[in-house]
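To find a chain, count down the sequence lines: A is the first, B the second, and so on, and within it residues start at 1. Model, not experiment: these values are computed from the prediction.
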Amino acid sequence: MTPQYDHRAIEEKWMERWKEQGAYLSVQDPDRPKKYVLVMYPYPSGPAHMGHVANYSLGDVLVRYYWRTGYTVLNPMGYDAFGLPAENAAISEGSHPATWTRDNIELISLDLKRLGYAYDWSREISTCDPEYYRWTQWFFLKMYEMGLAYKGDAEANWCPSCGTVLANEQVLPDGSCERCRAVVQKKWLNQWFFKITQYADALLDDMELLEDWPERVLTMQRNWIGKSHGAQVDFTLESTGEIIRVYTTRPDTLYGVTFFLLAPEHPLVDRLVEGDAARREEVAAFRERVGGVSSFERTAQGAEKDGVFLGDYVVNPVNGERVPVYTANFVLIEYGTGAVMAVPAHDQRDFEFARKYDIPVRIVIQPPDGELSPDGMTEAYEATGTMVNSGDFDGIPSDLGFEDVCDLLESRGWGERAVNYRLRDWLVSRQRYWGAPIPIIYCDSCGTVPVPEEDLPVLLPEDLDVRRDGRSPLPLEKSFYEVECPRCGVEARRETDTMDTFVDSSWYYFRFVSPHDDDGPFDVEDAAYWMPVDQYIGGIEHAILHLMYSRFFTKVIYDLGLIDFKEPFSRLLCQGMIIMDGAKMSKSKGNVVTPGDYIDRLGADTLRLYILFLGPPELSKDWNDQGVEGARRFLSRVWRMVQERYVALLSQGEFASGVDEPRHRAMRSLTHRTIKNVTRDIEEFAFNTAVSFIMELVNGIYHYTSDGDVDRDVLGEAVEAAVNLLAPFTPFICEELWQALGKHGSVHQHPWPAFDEELARPEEITLVVQVNGKVRDRIAVPSDISEAEMEAKALACENARKFIALKEVRKVIVVPGKLVNIVV
RNA sequence: GCCGAAGUGGCGGAAUGGUAGACGCGCUGGUCUCAAAAACCAGUGGGGUUAGUCCCCGUGCCGGUUCGAGUCCGGCCUUCGGCACCA
């Protein structure tokens, strides 16, 4: 053992040795329960960053802890390796997405290895590997067979200068293209979708199974799905007599309809103004304003209401009234039916529209307190109340009226109860190169033909030039798109769109259970053994998309009959961000610190320890450079503790014996209390306080060995516990110290230390004496003191007496083992 | 606007309704040294003080419940995240 803590030598040595020993391979073991711990795999855009360290260190503590408490553990790692950044980097750096991606995988995997994470590297996967995306394509085919993948028209973000569709995330808040800053347009394109809406209710209802998910994530998903209850109502167009159906969540306000709205894209709009040149022009100008160039402003906050009267009327089924039909900017074609009954008195948007275009406002709900009048209103009244101006329903509470009106609609055939969702189908096509090709062939005579399973994978040609303008080279590559129709053999054309990378990541946790399986996406029995993931860890930024897509995929896989569970992640922990000086680390702010630098200078153990000590996992954590030095100082202190305070004493043989004496007993008590506290805190993910307790133990050992006799066994127990407890946090130094303590085998395979409840209880406690709730004295007493004795001691102590003085003691409250409050 | 989280020393953060500020950073003093660094030891919320194992104040603000509130309840303020015309 060297006198100085040499992190470089230790970490290099154990990194090599663990690798040689295959120390962290996962094995199925019928004698032990299993844990599948998974931290969201990274997108390889360069070396590891601090967010990775925070996430993966957290998972690693759990894995090492589970190992030592009797579990067999699956802890894999892989790369989310398809995606747009690779293409952009390739364009700006003149490289190739494949090269760029694989180079970055090298960089980040080296960092992950240097950080000592206990992954089973034999299970490493990359989503850009044909052996992986072959099965991504297989899932697409299954979805197609099940009717869950379909091609339909969608309004997509189109960048005219890049000539491609953009994902929503690639459009900046001002509606411009992330890469070229051109104004993004909405364009109707024929695209592939996954029918996630078919699973909307399952996604909602199965949240019951997710007891160990953060409530905020469930709330976000619930809002995203946006299920609402209401009714569909049929209005009749006056001119032609045709039915226009609307969806409303407020059938109780049906008598308050004073106008009617169509989305600008609604096909009826053109027909209504067909014969009227002036109106046609008005509509054209309106469309130019709302949809033509950028529809971002239209949906931006507080946008001005805008619309055009279409010259026609509809008839309200419940009261026979005719109301004018408008088209309006705030009506969305994709939600409900694209047509809206407008009730200005009780809907804020309708209210604003009515005021602008001078449309009457009719009150049909009166609030419980006070009376509204149409002229006096400055905003819509959207809450419940008593129905008025509503025919036979007058006087009924509106929440009951909701049901009564629905009954009326259903009995007369005017409409019916209905539910609606905000969730829309998942658009999975991307006009991109660096992604998994969609396994579809278009044939002039057979139509849309899926690629036969045995022809998978549809290989993404990796020898293509990525064009400078950012467009995918696939539609220009004859050798790629020219194929024979698998059905009739004539010349056909291959789909040249690739899949959204969220498809890749929606099932990667299944692949880990059998990463080399050639017969299917995963081995059913291996999945039955390892799945579901017991503990999933990742950033809160994936609260909706990745986590919901994965839940959707799992339900599809369930319906395919491959698994018998419906939710992939039993327990979820969402990490906060690492920030610096109050801001997210980013290159533009120049406040990026790189893990690699710290590993070199201070060691991986120091970095891991510091980042775990920084604060509770779910909150964001402020990086502080001086704090890292502190973590390093602590590890040096642990190093010297073992060397100077234990190993050196052993060789000198300077020991007393006296286990039962108070100072020895106090040391043992601290040791056992620390084991208890650290164990509990790891179970609760309170890693920052777990580290604090270990620090206190180390401080205690320094005191114990500084100021009196030392018992060999008492000291040995304490030092051993410290190394044991610290091992999941800082695996390298602890493995080295374990050897220095003369132990055989790896500390990471050593059973987790047990504690003695009796010893963990301190012999002496501090009795707090309060008078009227204010602390007046503290008395050291034995921990097994009775309540009566506590009261007696409290009443007798001088400081308390001073405050009691001549007043009468009215009440004494005794909290066993803690405090006495004297009320006067 | 709606939903969610959070406001505690100079800083990161601890506190099953029961000693507010554990642990760490920083700072101050001491030991060691020719000196410095490192290390070790001690101190460190603010104010007062007869200097006492003393007193007062103190967890964003205002009220309430309780013997006792950072913690529970009601009402505000601020910050951060998510969603945002979803009928």
Side-chain angles (χ1 to χ4, degrees), chain A residues 4 214-220 222-224 226-228 230 246-250 253 261 263 298-303 305 328-332 334-343 346-350 352-353 420-424 540-541 543-544 576-577 579 582 584 609-610 613-616 618-631 633-634 636-637 640 644 686 688-696 698-699 702-703 706-707 766-779 797-799 802 810-815 817-824:
Chain A
Q4 291 301 312
E215 196 51 47
R216 58 177 167 156
V217 173
L218 296 179
T219 304
M220 281 161 85
R222 222 172 267 126
N223 292 341
W224 186 265
K227 184 177 186 174
S228 67
V246 297
Y247 172 74
T248 178
T249 54
R250 294 295 301 274
T253 63
L261 298 169
R298 176 179 151 197
T299 52
Q301 93 186 74
K305 299 289 172 286
N329 60 344
F330 63 92
V331 181
L332 306 173
E334 61 268 36
Y335 185 78
T337 61
V340 174
M341 61 176 231
V343 185
H346 305 293
D347 182 285
Q348 185 59 26
R349 296 156 299 175
D350 299 346
E352 287 166 26
F353 193 86
N420 231 306
Y421 301 90
R422 184 184 168 279
L423 180 72
R424 300 195 206 119
I540 185 72
E541 65 273 19
I544 297 173
M577 281 184 310
I579 57 178
K584 194 175 167 177
L609 183 74
Y610 174 64
F613 181 63
L614 213 43
E618 61 278 2
L619 299 181
S620 53
K621 288 161 285 253
D622 213 337
W623 181 268
N624 176 319
D625 244 11
Q626 285 173 325
V628 197
E629 305 281 348
R633 197 175 310 156
F634 172 69
S636 304
R637 202 167 143 80
R640 282 194 314 271
E644 295 167 12
N688 55 331
T689 48
V691 172
S692 297
F693 283 120
I694 301 171
M695 287 172 168
E696 283 182 82
V698 171
N699 290 342
Y702 268 87
H703 285 129
S706 297
D707 59 5
T766 306
L767 171 61
V768 174
V769 182
Q770 294 184 337
V771 178
N772 286 344
K774 291 197 177 221
V775 179
R776 294 305 178 189
D777 208 350
R778 299 176 171 93
I779 312 167
C797 81
E798 208 176 305
N799 254 319
K802 224 161 69 188
R810 288 195 304 191
K811 200 169 169 188
V812 179
I813 288 140
V814 180
V815 182
K818 282 234 165 95
L819 107 178
V820 175
N821 188 12
I822 302 161
V823 186
V824 294

Distance check, C1' atoms only: B/C76 and B/U66, in whole angstrom units.
23 Å
For nucleotides B/A22 and B/G12, find the distance between their C1' atoms and express it as a whole number of Å.
13 Å
Within 45 degrees of the ring normal and closer than 6.0 Å to the centroid, is that where the cationic atom of A/Arg422 sits relative to A/Tyr335?
no
Taking the same atom, C1', in B/A6 and in B/A38, what whole-Å distance lies between them?
39 Å
In whole Å, measure the gap between the C1' atoms of B/C77 and B/C85 for me.
28 Å
Just checking A/Arg349: base, sugar-phosphate only, or nothing, at a heavy-atom cut-off of under 4.0 Å?
base
Identify the nucleotide, in any strand shown, that forms a Watson-Crick or G-U wobble pair with B/G29, with both distances under 3.5 Å; if there is none, say none.
B/C41
Nucleotide of B/U53, B/C3, B/A87 approaching A/Thr248 most closely (side-chain heavy atoms):
B/A87
Who does B/G4 pair with, Watson-Crick or G-U, both distances under 3.5 Å?
B/C80
Which value, in whole Å, describes the distance between the P atoms of nucleotides B/U78 and B/G64?
24 Å
Would you mind reading off the distance between A/Gln348 atom CD and B/G1 atom C1', rounded to a whole angstrom?
10 Å
Heavy-atom distance under 4.5 Å between the side chains of A/Asn688 and A/Leu614, does that happen here?
no
A/Glu334 CD - B/C86 C1' separation (whole Å):
9 Å
Between C1' on B/G4 and CG on A/Leu218, what's the gap in Å once rounded to a whole number?
12 Å
On a heavy-atom basis, which atom in A/Arg776 and which in A/Asn799 lie closest, and how many Å separate them?
O-CB, 3.2 Å
P atoms of B/U8 and B/G60, separation to the nearest Å
6 Å
Measure from the side-chain heavy atoms of A/His703 and tell me the nearest of B/A87, B/C41, B/G26.
B/C41
Any-strand Watson-Crick or G-U partner of B/C34, both distances under 3.5 Å
none
Whether A/Tyr335 contacts B/A87 is assessed here as follows: a side-chain N or O lying under 4.0 Å from the phosphate OP1 or OP2. Is that the case?
yes
So does A/Arg776 get a side-chain nitrogen or oxygen closer than 4.0 Å to the phosphate oxygens (OP1/OP2) of B/C54?
no
Under 4.0 Å, counting only non-hydrogen atoms across every strand here, what does A/Asp350 touch: a base, just sugar-phosphate, or nothing?
nothing
Got a sec, which residues hit side chain to side chain contact (heavy atoms under 4.5 Å, CB included) with A/Val340, two or more places apart in sequence or on another chain?
A/Leu261, A/Val331
Please give me the minimum heavy-atom distance between A/Asp350 and A/Met341, naming the atom from each residue.
OD2-O, 4.0 Å
Is there side-chain contact between A/Ser228 and A/Tyr247, with heavy atoms separated by less than 4.5 Å?
yes
Distance, rounded to the nearest Å, where A/Glu629 contributes CD and B/C11 contributes P:
21 Å
I'd like to compare against my own output: the B/S/- annotation of nucleotides 12-24 of chain B with a strict under-4.0 Å heavy-atom distance to protein.
BSS-B-BBS-BBS
Given 3.5 Å as the limit, does a donor-acceptor pair link the side chain of A/Asn821 with the main chain of A/Gly773, or not?
yes
Test applied, side-chain contact (heavy atoms from CB on, under 4.5 Å); reference residue, A/Tyr610; option that passes from A/Asp625, A/Val628, A/Val691
A/Val628
Considering heavy-atom distances to RNA chain B, does A/Ile544 or A/Tyr247 have its closest nucleotide positioned more toward the 5' end?
A/Ile544
Considering only side-chain heavy atoms of A/Gln626, which listed nucleotide, B/C67, B/A87, B/C25, is closest?
B/C25
Roughly how far apart, to the nearest Å, are B/C25 and B/A42 at atom P?
14 Å
Shortest non-hydrogen contact from A/Val246 to A/Thr337?
CA-OG1, 3.5 Å
Counting only Watson-Crick or G-U wobble pairs whose two distances fall under 3.5 Å, which nucleotide matches B/U16?
none
Integer-rounded Å distance: B/C54 C1' and A/Asn799 CG:
8 Å
Once you round it to whole Å, what is the distance between C1' of B/A38 and CZ of A/Phe634?
18 Å
Whom does B/G52 pair with, Watson-Crick or G-U wobble, provided both distances fall under 3.5 Å?
none
For B/G9, give its Watson-Crick or G-U wobble partner with both distances under 3.5 Å, or none.
none
What is the separation between atom OH on A/Tyr421 and atom P on B/C83, rounded to the nearest whole Å?
22 Å
Given atom NZ of A/Lys227 and atom P of B/A87, what is their separation to the nearest angstrom?
14 Å
Is any side-chain heavy atom of A/Val771 closer than 4.5 Å to a side-chain heavy atom of A/Val824?
yes
For the C1' atoms, the ones on B/C57 and on B/C73, what distance do you get once it is rounded to whole angstrom?
26 Å
Partner nucleotide, any strand, of B/C72 [Watson-Crick/G-U, under 3.5 Å]:
B/G64
Would you mind classifying the nucleic acid contact of A/Arg640 as base, sugar-phosphate or nothing, using non-hydrogen atoms under 4.0 angstrom?
sugar-phosphate
